[in-house]
**Q** 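Submitted below is the structure of interest, expressed as structure tokens.
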Amino acid sequence: PEAIFLFNTLRDMSSLEELWISWELDDARGPNDAIMAECIPSLATCTGMRKLTLNDLTLSTNSCVALNGLFPRMSALLELDLSGNLIDDD
């Protein structure tokens, strides 16, 4: 729904250098890991991205796999912030 629309819009923003998206975890209507994993590949066209912040979006295993596939295309990325997600440090 809203997250998919937002990320589809980003497909047309190849010159985007910085993106910050956050969601309040106490709001059950927020995106889940499956939705985010579907949305993240849309960032592949943002090859000039220097800073990417995806906080409190319940990112987990599926989203990490999607991010892993994205990083080789984002050689300009200098800073990544995934604070407040469900990513296991192991």
**Q** Checking M13 against T45 for the side chain to side chain contact (heavy atoms under 4.5 Å, CB included) test, could you report, in this order, the C-alpha distance in whole Å, the side-chain angles of both residues, the deciding distance, and whether it holds?
**A** CA-CA 7 Å; M13 297 184 177; T45 60; over 6 Å; no

**Q** Which residue is it: T53, L57, L59? I am looking for the one with a side chain to side chain contact (heavy atoms under 4.5 Å, CB included) to N55.
**A** T53

**Q** Return the CD1 to CD1 distance between I40 and I35, rounded to the nearest 0.5 Å.
**A** 12.0 Å

**Q** Please check this pair: side chain of N85 against backbone of L54, looking for a donor-acceptor N/O pair closer than 3.5 Å.
**A** yes

**Q** Quickly, which of N68, D33, T58 forms a side chain to side chain contact (heavy atoms under 4.5 Å, CB included) with S63? Name it, please.
**A** D33

**Q** Locate the shortest heavy-atom distance separating L77 from E79; write the atom from each residue and the value.
**A** CD1-O, 3.5 Å

**Q** Say whether L70 and V65 are linked into one hydrophobic cluster, either directly or through other cluster members, by side-chain heavy-atom distances under 4.5 angstrom.
**A** no

**Q** Is L80 reachable from I87 through a run of I, L, V, M, F, W or Y residues, each pair having side-chain heavy atoms under 4.5 Å apart?
**A** yes

**Q** Once you round to the nearest 0.5 Å, how far does OG1 of T47 lie from CD of E17?
**A** 10.5 Å

**Q** Can you tell me how far apart CG (L52) and CG (L78) are? Round to the nearest 0.5 Å.
**A** 12.0 Å

**Q** Counting distance only, does the side-chain N/O of D81 pair as donor-acceptor with the main-chain N or O of S83 below 3.5 Å?
**A** yes

